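Reviewing the structure listed below.
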Amino acid sequence: MFESIFKDGNVAAVGFFIVLGASLICGLVYAFLACYKSDSSTSFFICVALIPMAVATVIALVNGNLGVGVAIAGAFGLVRFRSAAGSAREIAAIFMAMAAGLAFGMGYIAYGAIFLLVCGVLLFAFGKFTAKAKEAKTLEKIVKITIPETLDYTNVFDDIFAEYTNSYELEKVKSTNMGSMFRLSYRVKMKKVANEKAMLDAVRERNGNLEIQCLRADLSEKEL
C-alpha cells in the first residue's frame with residue numbers, strides 16, 4: 001500500500017490513470033476542506049483541486065529523465081502569473097498541494113492521500129479558529145472626527161466612547177483646513193456592532209455636525 005505502483009521506474013498506462021484518478025479525487029476533497037467557509041475565490045478552489053493532478057502528471061512523465069526535467073522547468077519559467085498575490089494561507093495551501101502531487105507522481109498514492117487529508121483537516125481547523133478571530137476583529141474600528149479648533153479634544157469624547165466601546169485610544173491628532181480645525185483618529189473596540197450609529201450620532205452632536213469617518217481597523221493592515 002505504501003510502495004510505489006510504478007515498478008522499476010516504469011510508468012504503465014494503468015498505473016498512470018490510477019494516479020490521475022487518485023490525485024484528482026484527493027485534490028477535490030483537499031480543496032473543499034481548505035476553502036470551507038473561507039474568503040477564497042472559486043478560481044482558487046479549482047486551482048488547489050487540480051494542482052496535485054497536474055504536478056503528478058509532470059513528475060510521472062519526467063520519470064527521472066534529467067533532460068526532460070530541464071525542458072519542463074524552462075517551459076514553466078516562461079509562464080508569467082498576473083493574478084493578485086494571495087494570502088499566506090492560500091500560498092501554503094498551494095505548496096502543500098504541490099508536495100502531494102510530487103508523491104502521487106512518484107506512485108506513492110497512500111502517502112499523497114494521507115498528506116493531503118492531514119493538511120486539509122489542519123486548514124479546516126485553522127479556518128474555524130481564524131473565523132472566530134475575524135468576527136471579533138469586526139468590532140475594532142478607526143473613528144476619525146473633525147472638530148473646531150476652539151473645542152478641547154483632550155477628553156471631549158471620553159464619556160461617549162466609555163458608553164459604546166470596550167476600549168478606545170486617541171492615536172493621532174492632525175490640524176486641517178488652514179489650522180481652523182483638528183482631525184482626531186481614535187482606535188475603538190465596539191461593545192456591539194449595532195451601537196455604531198448611536199455612537200456616531202452622539203459624536204456628531206458634540207462636534208457640531210462636522211465630518212466623521214468610521215473605518216474597519218484592518219483596512220490598512222497587510223497580510224503576508
Side-chain angles (χ1 to χ4, degrees), residues 30-49 82-94 96 119-224:
Y30 171 70
F32 176 79
L33 291 173
C35 299
Y36 182 73
K37 287 188 177 180
S38 69
D39 296 332
S40 301
S41 62
T42 304
S43 60
F44 175 74
F45 176 90
I46 297 173
C47 174
V48 173
R82 301 179 182 270
S83 58
S87 64
R89 183 178 183 275
E90 292 174 340
I91 294 173
I94 291 175
M96 288 185 285
C119 292
V121 170
L122 289 175
L123 287 175
F124 177 82
F126 292 152
K128 300 282 284 186
F129 175 77
T130 54
K132 293 183 179 179
K134 187 175 181 180
E135 182 179 353
K137 200 167 184 64
T138 58
L139 296 174
E140 295 186 12
K141 304 287 184 179
I142 297 294
V143 181
K144 297 182 178 181
I145 308 170
T146 302
I147 63 173
E149 62 174 345
T150 56
L151 189 62
D152 184 6
Y153 59 79
T154 307
N155 300 310
V156 63
F157 301 111
D158 285 4
D159 57 331
I160 298 176
F161 289 140
E163 180 180 356
Y164 294 104
T165 68
N166 288 321
S167 63
Y168 62 94
E169 181 183 2
L170 178 60
E171 293 193 329
K172 185 171 67 173
V173 179
K174 178 183 178 182
S175 63
T176 183
N177 198 22
M178 302 294 292
S180 62
M181 296 181 183
F182 288 111
R183 179 166 293 172
L184 314 179
S185 295
Y186 288 90
R187 179 179 290 269
V188 303
K189 187 170 185 179
M190 303 292 299
K191 291 180 179 179
K192 295 180 181 179
V193 177
N195 291 339
E196 183 178 311
K197 184 180 184 304
M199 182 187 71
L200 295 182
D201 287 340
V203 171
R204 188 164 50 86
E205 294 177 3
R206 189 74 55 86
N207 79 330
N209 206 27
L210 293 175
E211 182 182 8
I212 303 173
Q213 287 183 300
C214 187
L215 310 172
R216 278 171 34 203
D218 60 344
L219 282 179
S220 60
E221 296 178 1
K222 295 183 179 180
E223 188 176 7
L224 172 63

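This one's a predicted model, so the numbers in the text were calculated from it and none came from an experiment.
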Exercise. For residues 165-175, which residue pairs qualify under salt bridge (Lys or Arg N to Asp or Glu O under 4.0 Å), counting only residues two or more places apart or in two chains?
Worked result: E171-R187
For this session: Tell me, please, which residues at least two apart from T42 pass side-chain hydrogen bond (donor to acceptor under 3.5 Å, both in side chains).
Result: none
Exercise. What residues form a side-chain contact (heavy atoms from CB on, under 4.5 Å) with S41, not counting sequence neighbours?
Worked result: S43, F44
For this session: Only counting residues at least two apart or in another chain, list the ones meeting side-chain hydrogen bond (donor to acceptor under 3.5 Å, both in side chains) with T150.
Result: none
Exercise. Within the distance-only criterion (no hydrogens, no angle test), does the side chain of R89 pair as donor or acceptor with the backbone N or O of L123 below 3.5 angstrom?
Worked result: yes
Pair up each side-chain donor or acceptor in residues 195-202 with any protein partner under 3.5 Å, not counting sequence neighbours, and list the distances.
{"residue": "K197", "atom": "NZ", "partner": "D201", "partner atom": "OD2", "Å": "2.9"}
{"residue": "D201", "atom": "OD1", "partner": "R204", "partner atom": "NH2", "Å": "3.0"}

Exercise. Who passes side-chain contact (heavy atoms from CB on, under 4.5 Å) against F124, sequence neighbours left out?
Worked result: L33, Y36, K128
Exercise. Does anything in residues 185-216 pair up under ring pair (Phe, Tyr, Trp, His ring centres under 6.0 Å), and if so which pairs, sequence neighbours excluded?
Worked result: F161-Y186
For this session: Using salt bridge (charged side-chain N to carboxylate O under 4.0 Å, His left out) as the criterion, list what pairs up with D159, not counting sequence neighbours.
Result: R206
For this session: Could you walk me through whether F157 and V143 pass the side-chain contact (heavy atoms from CB on, under 4.5 Å) test, one step at a time?
Result: CA-CA 11 Å; F157 301 111; V143 181; over 6 Å; no
Problem set entry | Residues which pass ring pair (Phe, Tyr, Trp, His ring centres under 6.0 Å) with F45, listed by chain and number, not counting sequence neighbours | none
Exercise. How long is the gap from CD1 on I147 to OG1 on T176, to the nearest 0.5 Å?
Worked result: 11.5 Å
Problem set entry | Heavy-atom closest pair, residues N166 and K191 | OD1-CG, 3.2 Å
Problem set entry | Results of side-chain contact (heavy atoms from CB on, under 4.5 Å) for E149 - residues two or more places apart only | F182
Seminar exercise, completed: The reported gap from OG1 in T165 to NZ in K189 (rounded to nearest 0.5 angstrom) is 11.0 Å
For this session: Would you check if the side chain of N207 reaches a backbone N or O of T146 as a donor-acceptor pair within less than 3.5 Å?
Result: yes
Exercise. Which residues pass the side-chain hydrogen bond (donor to acceptor under 3.5 Å, both in side chains) test with E163, sequence neighbours left out?
Worked result: none
For this session: Apply side-chain contact (heavy atoms from CB on, under 4.5 Å) to L122 and list each qualifying residue two or more places apart in sequence or on a separate chain.
Result: V118, F126
Exercise. For the residue pair K144 and S185, what are the closest heavy atoms and their distance?
Worked result: CG-OG, 3.7 Å
Exercise. What pair of heavy atoms forms the shortest contact from Y30 to C119, and how long is it?
Worked result: CE1-CB, 3.9 Å
